[in-house]
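Written out below as structure tokens is the structure these notes cover.
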Amino acid sequence: MPVNIVYNFSKQKQKLHVHEGLLQSRILFLLHQIERPDSTVSVVFMDDPAMTAYNQQYRSKLGPTNVLSFPATEIPDELGDILISVETAQKEAREKGISLHQRLTELLIHGLLHLIGYDHEISDEQAEIMFSREKELYCSIQHHHARRKKMPQLAINVDHIATIRQARGGAEPDPVHAAGICELAGAKGIVVHLREDRRHIQDRDVHLLRQTVKTRLNLEMANVKEIVEIAQDINPDMITLVPEKRKELTTEGGLDVISNAKKLRKTISKMSKAGIPVSIFIDPDADQIEASLEVGATYVELHTGRYCDAENEKERDQEFLLIEEAAELAFEKGLRVNAGHGLDYRTTTRIAAIPFIEELSIGHAVIARAAFVGLDQAVREMQDCIDRAGRI
Ligand code: PXP
């Protein structure tokens, strides 16, 4: 294996998680970029106390640093060791407003360049050469992820228009009519959840929407026989599989793909025969991402609910980090990435700024605002929230 990754964490810090597969594929990509594809490199991820010990021993410096490199001098094709403190990288990522894995990638590039002879400490000229090569390599990774440059598209969930209609059991307001207004206001997709209990969207709505939606119709649904058959009949542009409980007010959490793998694989195979891409609504969790890939999903929709409902800024930052890392990991694994649930006019911009997310599915906040300013205006304001993400 050309990349050997090891960990040196004290027990209570095991939680500082690093997505090994993601970083491994980045290091392999970088080895190609520096024209050393056949070389091996060892990377040790550690916490601050471990890094402090190395910094003291080898550089006689106090406290931790972010990265240290030790070139291998004797073995051909072995570049050497890169030591990285994940704890320091995490602090630096927060200060720079980037994700942990973006910062780890910067440090890996820095360490790798040291291993092949670059040294910014020799002179200003050498520093300039090294830093400009660092930038080039970082850009090449970004370029490799070309899709990250696009802003996510807004898909509006019109379930709650149907909720209002069902309150009186009549025909108004009509979610089919609402979908048209959303599209004219700039939405790039319409989402409806045909629940087993039919509490809001009805079969008639889905049939009509299939005929009228000009953008993309995403049918959100439980993985149950009756609804799967309806989806096969309707042929939406995609489906999103969600967990469904009779008593819940709205979808409460992501689908547990691991324990439902067999049933999911069966449905995804049926959908793929019908040419319908499948998304699975999951919590931002590495194991659920792996499982989604394994059962054959094309997309995952990352659950943003806990981020939106966070009770303080610290908790919100933690939840945000999980979504950001999950988006990056899912993309890197080859999945397409959507996100949604609970997003409103305050929480959307930050999520929209996460690279790799293709579509945001937003319902309640837009329909609630529409009651005061009209649906057209409410959709346009949400689109502004997404557009602002390009500027932060
Ligand atoms: N995504 C999924 C999977 C959902 O179940 C819902 C709610 O129907 C949404 C997105 C939209 O959530 P909200 O209505 O809170 O914007």
Side-chain angles (χ1 to χ4, degrees), residues 152-164 166 175 178-179 182 187-201 205-206 209 216-224 227 231 236 238-257 260 264 277-285 288 292 297-310 319 323 326-327 330 336-352 357-371 375 378-379 381-383 385-386:
Q153 298 199 322
L154 174 61
I156 299 287
N157 178 317
V158 293
D159 290 352
H160 294 313
I161 297 289
T163 304
I164 301 171
Q166 297 309 109
C182 293
K188 296 292 188 298
I190 299 298
V191 187
V192 284
H193 185 174
L194 184 68
R195 295 185 78 105
E196 283 183 273
D197 63 10
R198 306 296 199 275
R199 69 173 71 161
H200 38 53
I201 292 295
D205 302 329
V206 189
L209 285 166
R216 280 156 51 81
L217 178 63
N218 180 350
L219 181 64
E220 203 184 305
M221 52 183 266
N223 185 19
V224 293
I227 310 284
M238 66 183 287
I239 64 162
T240 300
L241 294 169
V242 297
E244 204 175 288
K245 292 187 210 138
R246 290 273 156 150
K247 290 208 175 118
E248 68 192 356
L249 286 176
T250 178
T251 315
E252 281 170 356
L255 193 58
D256 183 353
V257 186
N260 289 290
L264 284 166
V278 177
S279 176
I280 310 181
F281 183 58
I282 56 166
D283 291 328
D285 174 273
Q288 296 295 344
S292 302
T298 304
Y299 293 81
V300 284
E301 180 180 326
L302 298 175
H303 192 339
T304 50
R306 277 207 302 270
Y307 155 77
C308 295
D309 296 340
E319 293 299 334
I323 297 168
R336 299 177 71 174
V337 188
N338 296 338
H341 211 288
L343 292 170
D344 63 19
Y345 294 87
R346 285 180 298 268
T347 50
T348 295
T349 304
R350 198 170 172 201
I351 294 290
I357 294 181
E358 289 188 42
E359 185 174 285
L360 297 177
S361 170
I362 307 180
H364 187 265
V366 172
I367 305 306
R369 179 127 183 91
L375 187 52
V379 172
E381 287 177 15
M382 188 52 84
Q383 183 63 54
C385 291
I386 294 179

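For ligands, and for the atoms within them, numbers begin at 1 and follow the listed sequence.
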Residue and atom name of the nearest protein heavy atom (relative to [atom]), distance in Å to one decimal:
{"atom": "atom 8 (O) of ligand 1", "answer": "Asn157 ND2, 3.3 Å"}
{"atom": "atom 14 (O) of ligand 1", "answer": "His364 N, 2.8 Å"}
{"atom": "atom 2 (C) of ligand 1", "answer": "Glu301 OE2, 3.4 Å"}
{"atom": "atom 11 (C) of ligand 1", "answer": "Ser361 O, 3.8 Å"}
{"atom": "atom 16 (O) of ligand 1", "answer": "Gly363 N, 2.8 Å"}

>> Taking 4.0 Å as the limit for heavy-atom contacts, which would you say applies to Glu220 with ligand 1: side chain only, backbone only, both, or neither?
In response: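 Just the side chain.
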>> Applying a heavy-atom cut-off of 4.0 Å, say which part of His193 lies close to ligand 1: side chain, backbone, both or neither.
In response: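 Looking at His193 and ligand 1, no heavy atom falls under 4.0 Å.
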Are the side chains of [X] and [Y] in touch, meaning some heavy atoms are under 4.5 Å apart?
{"X": "Glu301", "Y": "Val191", "answer": "no"}
{"X": "Leu375", "Y": "Val366", "answer": "yes"}
{"X": "Leu241", "Y": "Leu264", "answer": "yes"}
{"X": "Ile201", "Y": "Pro175", "answer": "yes"}
{"X": "Glu358", "Y": "Tyr299", "answer": "yes"}
{"X": "His200", "Y": "His193", "answer": "yes"}
{"X": "Leu343", "Y": "Ile351", "answer": "yes"}
{"X": "Glu359", "Y": "Lys188", "answer": "no"}

>> So if I count the atoms of ligand 1 from 1 in the order they appear, which ones are less than 4.0 Å from some heavy atom of Phe281?
In response: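 Counting atoms of ligand 1 from 1, those under 4.0 Å from Phe281 are 3 (C).
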>> So if I count the atoms of ligand 1 from 1 in the order they appear, which ones are less than 4.0 Å from some heavy atom of Val242?
In response: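 Under 4.0 Å from Val242, ligand 1 has these atoms: 3 (C).
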Report yes or no: does a heavy atom of [X] sit under 4.0 Å from some atom of ligand 1?
{"X": "Gly342", "result": "yes"}
{"X": "Ile362", "result": "yes"}
{"X": "His341", "result": "yes"}

